[in-house]
Amino acid sequence: GLMTGRYQQRFGFYTASDSRAGMPVSEITIARLLKQHGYVTGVIGKWHLGYEAPYQPLKRGFDEFCGFLGHGGHDYFDLKIRDPVTAIYRNDQPVNETGYLTQNFTREAVSFIERHHEKPFFLYLPYSAVHAPMQAPEEYLERFNTGDEKRDTYLAMLACMDDGIAEVLRALRRTGVDDNTLIIFLSDNGGAIPRGANNGVLRAGKHSLYEGGIRVPFIVRWPGQLPAGAVCSEPVICQDVFTTILAAAGVKPPGDRVIDGKNMLPVLRGETTWRLHDSLFWAWLRRNTNEEWAIRRGKWKLLSHSGAKELYDLQADISETRDLAKQKPELVKELTKIFEEWRGKMAPRIKRSRKERS
């Protein structure tokens, strides 16, 4: 969704393991579009969009790649070549590395900026932190003593990533491009509670369609172009990153396909109050069998767990404690219909598990 500006269900992705099939080559990435308009493009971190050569970064619009191809996590200290999936790559070649993976990604990101700051550049920096395995350098572990060893490790991993982002920001200032660089930071899902995360008032976490699973940090920074310290309450989704970056760069999105992402800039600047999205949708497969889905429309959010529906007013009940489905059956029916119309436009699942095929 982030790379294409389209709901990933449009090309058959419904669960993380679907990435093994590779994102169809018919999909156009933001890197490809920016490269066509003179940008140097790089991805440093977790790829997650296909193992085989046709799906790898250098074939999808990126000039440079440093990271690993696989979905899921990666050992943070064991960085030797073990196999093509878990190997760390530099461009299209696996390399033996040492050190701590998060810090290595930071080093590579800083290098990319220093080498390309005199040209327009696009850097995609998907840190694997704070994904399992839960591992952190000793100097970071020493910073935390909450009484919960899992949480201490989680916080140490997070702090290392935060420090890395600070280094990236310093590199932008040092090279003189800070004021002319649009930065977008977001997480791909809410914190994993079994690993030590705390999502505050939000219900549940990773692997859930409650707010703790899908409401994530989302920060946009563009000095001189966007107001500092402002809070935007308009619901957005990661597909909007695609369209927003293209708008900032003066590049038109492809006109031959549905683009779901919207340009966030007018809303972020306070130039308009119109709603970016009439509705937002989620559909995924839990344990490869039961499809779960959710729709948000205005303040209302409807969830379906194996057919059982729950309705929440997110404006009054951000913690999703009061299910209003029985009190508002007509609204449940209306939102279900909207979701089903959307779902009918999506593709079948791209790849089923071995168990399902047998």
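Computed from a predicted model, the values in this text were never measured in an experiment.
A heavy-atom distance below 4.5 Å is not found between the side chains of Pro253 and Leu33. Side chains of Cys238 and Leu186 form a contact here, defined as non-hydrogen atoms less than 4.5 Å apart. Within the 4.5 Å cutoff, no side-chain heavy atoms of Glu292 are placed close to those of Trp282. Looking at heavy atoms from C-beta onward, Val110 lies out of side-chain contact with Phe105 at the 4.5 angstrom threshold. The shortest distance between side-chain heavy atoms of Phe68 and Leu101 falls below 4.5 Å. Side-chain contact between Tyr210 and Leu303 is present, with heavy atoms from C-beta onward closer than 4.5 Å. For the pair Pro94 and Ile81, the minimum side-chain heavy-atom distance is below 4.5 Å. Residues Met157 and His131 have side chains not in contact (no heavy-atom distance under 4.5 Å, counting atoms from C-beta outward).
Counted by atom type alone, Arg349 and Gln9 present zero donor-acceptor pairs between their side chains at under 3.5 Å. For the residue pair Ser279 / Arg297, a side-chain donor-acceptor distance below 3.5 Å is found, with atom types taken as modelled. If you check the side chains of Thr86 and Asp83, you find a donor sitting under 3.5 Å from an acceptor. In this structure, a donor-acceptor pair under 3.5 Å is absent between the side chains of Glu138 and Tyr140. A donor and an acceptor atom, one from each side chain of Gln103 and Tyr76, are nowhere located under 3.5 Å apart. Neither side chain, Thr41 nor Tyr124, offers a donor N or O lying under 3.5 Å from an acceptor on the other. Remark: the His74 side chain and the Ser128 side chain contain no N/O donor-acceptor pair separated by less than 3.5 Å. For the residue pair Gln135 / Asp75, a side-chain donor-acceptor distance below 3.5 Å is found, with atom types taken as modelled.
Within the 3.5 Å criterion, the main-chain N or O of Gly196 finds a donor-acceptor partner in the side chain of Arg151. Of the possible polar contacts, none joining the Ser319 side chain to the Thr321 backbone as a donor-acceptor pair under 3.5 Å is found.
For Tyr14 and Trp284, the ring centers are positioned 6.0 Å apart or more. Taking the ring centroids of Phe121 and His117, they lie at or beyond the 6.0 Å cut-off. Aromatic pair Tyr39/Phe122: ring centres not closer than 6.0 Å. Two rings, from Trp293 and Phe339, have their centers less than 6.0 Å apart.
No path of Ile, Leu, Val, Met, Phe, Trp and Tyr side chains, each step under 4.5 Å between heavy atoms, connects Leu209 with Ile318, placing them in separate hydrophobic clusters. Hydrophobic clustering (ILVMFWY, side-chain heavy atoms < 4.5 Å, transitive): Ile219 and Met264 are in distinct clusters. Grouping the Ile, Leu, Val, Met, Phe, Trp and Tyr side chains by contacts below 4.5 angstrom, directly or via other members, places Phe112 apart from Met3. Cluster annotation: Ile113 and Trp222 are assigned to distinct hydrophobic clusters (Ile/Leu/Val/Met/Phe/Trp/Tyr, side-chain heavy-atom contacts under 4.5 Å, transitive). Hydrophobic cluster membership differs between Leu49 and Tyr127, with clusters built from Ile, Leu, Val, Met, Phe, Trp and Tyr side chains linked at under 4.5 angstrom.
By the 6.0 Å contact criterion, CD on Glu149 is open, its count of non-hydrogen atoms from other residues, nucleotides or ligands being 12 or less. More than 12 heavy-atom neighbours from other residues, nucleotides or ligands sit within 6.0 angstrom of CD on Glu341. Few gaps surround NZ on Lys35; more than 12 heavy atoms of other groups in view lie less than 6.0 Å from it. With a 6.0 Å radius and a threshold of 12 heavy atoms from other residues, nucleotides or ligands, Asn180 has its CG atom at or below the threshold. Annotation for Gln327: atom CD counts as buried by contact number, over 12 foreign heavy atoms lying within 6.0 Å.
Arg107 pairs with exactly one of Glu114, Glu97, Glu167 by the salt bridge (Lys or Arg N to Asp or Glu O under 4.0 Å) rule, that one being Glu97. Among Thr98, Thr102, Asn104, the one residue that satisfies the side-chain contact (heavy atoms from CB on, under 4.5 Å) test with Tyr100 is Thr102. The salt bridge (Lys or Arg N to Asp or Glu O under 4.0 Å) test with Asp313 singles out one residue from Arg296, Lys299, Arg322, and that residue is Lys299.
The two atoms that bring Ala204 and Asn199 nearest to each other are O-ND2, 3.1 Å, heavy atoms only. The shortest non-hydrogen separation linking Ile259 to Pro254 is CG1-O, 3.9 Å. Between Arg269 and Leu226, the closest heavy-atom pair is CG-CD2, 3.6 Å. Among all heavy-atom pairs drawn from Leu123 and Ala109, the shortest one is CD2-CB, 3.9 Å. Of all non-hydrogen atoms in Asp63 and Leu58, the two that sit nearest each other are O-CD2, 3.6 Å. Residues Asp163 and Arg170 approach most closely at O-NH2, 4.4 Å, considering heavy atoms.
Within the structure, side-chain hydrogen bond (donor to acceptor under 3.5 Å, both in side chains) contacts touching residues 230-243 (residues at least two apart or in different chains) are Asp240-His277. Listed by first and then second residue, the side-chain hydrogen bond (donor to acceptor under 3.5 Å, both in side chains) pairs that reach into residues 252-264 are Arg10-Asp260, sequence neighbours excluded.
The salt bridge (charged side-chain N to carboxylate O under 4.0 Å, His left out) search around Asp152 returns none, not counting sequence neighbours.
With rounding to the nearest 0.5 Å, the separation of CG in Asp188 from NZ in Lys46 is 6.5 Å. The structure places CD1 of Ile193 at 9.5 Å from CG of Leu202, a figure rounded to the nearest 0.5 Å.
Between Glu310 and Lys326 there is no salt bridge, since no side-chain N of the basic residue sits under 4.0 Å from a carboxylate O of the acidic one. The pair Glu211-Lys301 meets the salt-bridge criterion, since a charged nitrogen lies less than 4.0 angstrom from a carboxylate oxygen.
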Problem set entry | Verdict with supporting geometry, Thr4 and Met23, side chain to side chain contact (heavy atoms under 4.5 Å, CB included) | CA-CA 10 Å; Thr4 65; Met23 185 172 69; 3.6 Å; yes

Problem set entry | Evaluation steps, side chain to side chain contact (heavy atoms under 4.5 Å, CB included), between Lys59 and Arg32 | CA-CA 9 Å; Lys59 297 291 181 65; Arg32 175 177 160 188; over 6 Å; no

Problem set entry | Pair Arg60-Tyr55, side chain to side chain contact (heavy atoms under 4.5 Å, CB included): steps then yes or no | CA-CA 7 Å; Arg60 307 313 298 266; Tyr55 309 111; 4.0 Å; yes

Problem set entry | Steps toward ring-ring contact (aromatic ring centres under 6.0 Å, His included) verdict (Phe218, Phe185) | CA-CA 6 Å; Phe218 199 122; Phe185 171 91; 9.2 Å; no

For this session: Any chance you could lay out the ring-ring contact (aromatic ring centres under 6.0 Å, His included) test for Tyr89 and Trp47, step after step, and finish with the verdict?
Result: CA-CA 11 Å; Tyr89 282 76; Trp47 177 235; over 10 Å; no

Exercise. Can you check side chain to side chain contact (heavy atoms under 4.5 Å, CB included) on Asp78 and Lys80, steps first, answer last?
Worked result: CA-CA 6 Å; Asp78 184 358; Lys80 294 181 180 179; 3.9 Å; yes

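For Arg195 and Tyr154, the positive end is not near the middle of the six-membered ring at less than 6.0 Å and at most 45° from its axis.
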